Amino acid sequence: MQKSGSIIALAAFLVLSAHIPAAGQTPDDTVLIADTLKTAAPEILPPTIVSLEDTPNDAGTSIDVTWEVSPTESLLPAAVLQYLVLRATSPDGEFERVGTVPVGTNSYSDDGTEPGDPYWYRIDAVGTDVEVSSAVSGPAHSRMQWFDRGRVGVLLFTVLTCVLVVVFIQVAKRRPGKVFLRRLPVFDAIDEAIGRATEMGKKVLYIMGGLDVDDPQTVASMSILARVADRTASYGARMDIPCIWPMAMSMARETVKESYLRVGKPDEYNEDEIYYLTTDQFGYVAGVDGIMMRDRPAANFYLGAFYAESLIFAETGYATGAIQIAGTAEVDQLPFFVVACDYTLIGEELYAAGASLSGDPVQVGSIRGQDIAKAVFFVYIAAGVILKLVGIDWLERLLMIG
Amino acid sequence: MSILERISNLDRRIIFLTVAIAVIVPLFLPLRLPIEVTPPVQQLYDVIDSMPARSVVLISIDYDPSGAPELQPATLSIMRHCFAKDLRVLVLGLWAPGVPLGVSALEEVAVGEFGKEYGVDFVNFGYKPGGAVTLVNLGRDVHDVCRQDHNGTPVDSLSMMDDVRAANDIGLVISMSMGIPGSDQWIWYYHARYRGNLATAQTAIGAPKYYQYLQSGQLVGLIGGMKGAAEYERLVGRRGLATVGMDSQSISHLLIIGFVLLGNIIYWLEKRKK
Amino acid sequence: MLMTSGPWVWIAGLLTLAIYSFLYKDNPFYKVAEYIFVGLSAGYWAVFLWWNYAYPNLFVPLGEGNYWNIIPIVLGFMMFTQLSKRTSWLVRFPLTFVLGVSLGLQVIAAVEGDMVPQLQGTFSPFAKGALFNTYNFWTSIGLIVLLVGVLSTLTYFFFSREHKGVLGVTSKIGVYFLMVAFGASFGYTIMARISLLFGRLHFLLSDWMHILR
Amino acid sequence: MRLQVPLAIILIMGLFTIVTSFIPARPIADLNQTFRNWYIGIITFFIFLGTINLVRVNGEKIKTKASDWQYSIILITALAVMLIAGFYKGRASTDEESVFMYLYFNVQFPLEATMYSLLAFFVTSASFRAFRARNKEALCLLLAAVVIMLGRVPVGTAIWKGFPEVTEWIMSYPNAAAKRGIRLGIDLGLISMALRMILGIERSYMQ
């Protein structure tokens, strides 16, 4: 369930703050100690350490230990219960336990080594009453890496999309007006909504979502606000912009003021139409609902990041008879806008709408770059499927996140 | 105004009233519709059922009271199952407002129904801040993260914790989760490192996302929304709030479908009239 | 228990009713509840964030002798320059710091958390000979549907071409996928919505009024 | 100073964060961690700023006796009570049995949960008025919604045993496909916007 926007931002941050391991890992068979094993302790043959290697792509604080399991395991399945991984800083020094793994496991990543220091390892197989040690192996060193090779795919795609966007911005700047952008039906909807509000002498309500200016959706919403304000300024309609964040409020004021300047009516700009309400999610919802019920604005815009409030706004707005235009990149909330509003900008359209409304070459160019990236995705998926079907999977391995 | 128009412009307040009725009436007149158990829930049940006695199950209360209608019944049922199988239960949580929910569940089930002893059969470490980072540390050294329980008792004086020191001493982790931090963190930062069995209970909003982890084997079970909780209640053989709630769910879902149909019939009639 | 004792349960019950009264129409009870809510929650978040984020991340390390932490604390307090028109440009310093870190993280997360695994996930199940052999019939069909769906939805988001010809057809298919997905999600989440209402009504009827049980 | 320094900050911080996410080596990774901690700390000041603004706006209302100014007194009182409850005993004032938590559980939480539960009503009224088969697309939306609704509750299973399976299938394939398509587009939109901001091309966020 969604909490207030700011908390989402904070929380999302906590998720982003370390990298996500690849999906598709299967869990080890965690074999629990069978309590039925009451027979006399059988003889256990020791396991053998096969390799000690630096764990790749880390800060140099981990060593991967692999061993051959005790041969007894396959002869007497219940004899060995678990393995202990032990570590020492000299071959004859004191070995301390760093890990315990269930029977059947043959590897362990020992986190907690210092980069460059030598370590010796020993594996003990534990039976009911016996403990058998492998030969000591070592020394092994952990080293830190300067490039995370497991993330080649991420790097590749990051560079690809960034380069495409930058290149096409340059292209569009050099030849303004040359890049074609499809006319989104929302343009007509915006004109119609504002026209109607003007005729009825009612306000235009603009909500820019629940996140602050540090979210790209809010910035995208602002570039649409600029166009909406252009229209309202030239038609002479009044706006009503309650804000959830103080910073976003200042930004909206600047944006709308510029619009009034652009259409040559600077004295008609009224700062009080853009005001701060509260930063609490449902407190804000309660406030905006009140505004809708009291003032009955004729056109409602909900553009930006929205959470649970999406449907509450859209239904209250409908009850007051407003034309409603929505748009968000919050996938979970799109269904509610699509169902309850007259027009909805879906996902990327939110980012594209501002660009194609303004015709600003920088924005138009970056949209072109995004389109090319999508074409690359298309080809990449198609190539991947074909290669997989004929049994080649290097494309997959190349980009595996690990 | 014709009848058609009148229905078409039905006062929203009438719709609201019917929703309230659809939820309230089954509370008094239960239908007891059969609840089919789905594989993801059965899977979790089987895992717990096959755990040796005295194994440790960690239940992470990663929700606040607004997730309680869906998740608290699941927590209760899982605890019932664990204590019935003589497993030991370790409770902690990544959401601060969830602590009282964990406390009350343990009071109800562990103390009230099974007469279990605190510190021997179950412990509660309360809220653990820090999300991802905490889970990474937890898997390596439980005692370091859980230095005191939620009442401030040091971990060393809880006998149950003597042999619960690292991830592999914990037989199963169940994250009862309604968002972030929650099962995402358990998957990415705990399970990815320490493996072992991990399962999750989710609100209906969160659940669809976790099917992929179930397929990939990262999760050994998934309880989705109030329905999943009701299924678990059926498995442990004790009707709880989720089962009661499912009747309300059935009726209100039917009601909504009814409204959709009604809306379409009116729409179709109006169109034909024109 | 914390939630259902003495006068507290009455406060909770009355406030719950006050909010529901809005469904009938706007009224003073609702307004009182609304303003209490806004004030209380603003206080709650300030306290919560202070004790869980600002204090442990900025001030505790400072107390432990990490003087570098003066930088973020100063940046943090610079946020307040926004309150005055004359100094408000100073907000740009903390703002751009925050934006830089957050945008950087978001870019990486978008590529790593979404883009690469999602692209990969679309074609990786198509192993040689797996369709209709390893997978059952409906899974195989599903995987093909998934592929077609992803590709056609992608074409719907092409902005620099008219949706005509081949692109017109594929983007139209994409629209159908979008509609099915929106309908499905809408239907799926109803359970969670009803659960919330169930939780509130159950509270009113049992914990507060003791009509149930 | 007013423009160039902020632009330099965003450029450096943005590029640093992106580039260093590929470098696991310790000094860099540690520095990254430090910046992230700072970020968390600074961003909480956004909320504090909001709180101050709230007091300002409502204080103004009370001073000028604007409409509904009496309610603003309630608001400021509630805020003050919560702040006092949250700070008067230092860190301990947010302990489990504290006044602060009592207020949270018995005042704030019921309000929030009730507000949230309004969605159950709105979801129904939206279904009634908006789920109409105006065209083929709308029909798809409507059918998917109805099937999934039936697949989620016991009464659906009572009608036809197959509903849950169909539900799972729709959720896992067509639904996942469209969501994936949308997400890929959003990722691109986000990256391109973020890049423009980091490179200083998009500056509208600076007032």
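In the text below, chain A, chain B and the rest are named by the order of the sequence lines, each starting its count at 1. None of the values given here were measured: they were computed from a predicted structure.
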Between CZ on residue C:F157 and CG on residue D:L188, distance to nearest 0.5 Å: 11.0 Å

From OG1 (D:T34) to CH2 (C:W68), nearest 0.5 Å: 10.5 Å

Please identify, among [options], the residue contributing the most non-hydrogen atom pairs under 4.5 Å to chain D.
options                       : value
C:F22, C:F182, C:F97          : C:F97
C:G43, C:A181, C:G187, C:G142 : C:G142
C:T189, C:V175, C:I36         : C:I36
C:L154, C:L99, C:I144, C:I194 : C:L99
C:A110, C:G199, C:G149        : C:A110
C:A54, C:A42, C:S185, C:A184  : C:A184

Side chains of D:W38 and C:N69 in contact at under 4.5 Å (non-hydrogen atoms): yes

Side-chain heavy atoms of C:Y44 within contact of D:F109, under 4.5 Å: no

Per-residue contact mode, C:I108 against chain D (heavy atom under 4.5 angstrom): side chain

Under 4.5 Å from a heavy atom of chain D, the part of C:T122 involved: both

Aromatic plane relationship, C:F186 with D:F131 - under 30° parallel, 30 to 60° tilted, over 60° perpendicular: perpendicular

C:W50 and D:F87 aromatic ring geometry - parallel, tilted or perpendicular at 30°/60° bounds: perpendicular

Any donor-acceptor pair under 3.5 Å from C:R92 side chain to D:R2 backbone: yes

Positive for side chain to side chain contact (heavy atoms under 4.5 Å, CB included) with D:I9, one of C:L75, C:T96, C:L95, C:V98: C:T96

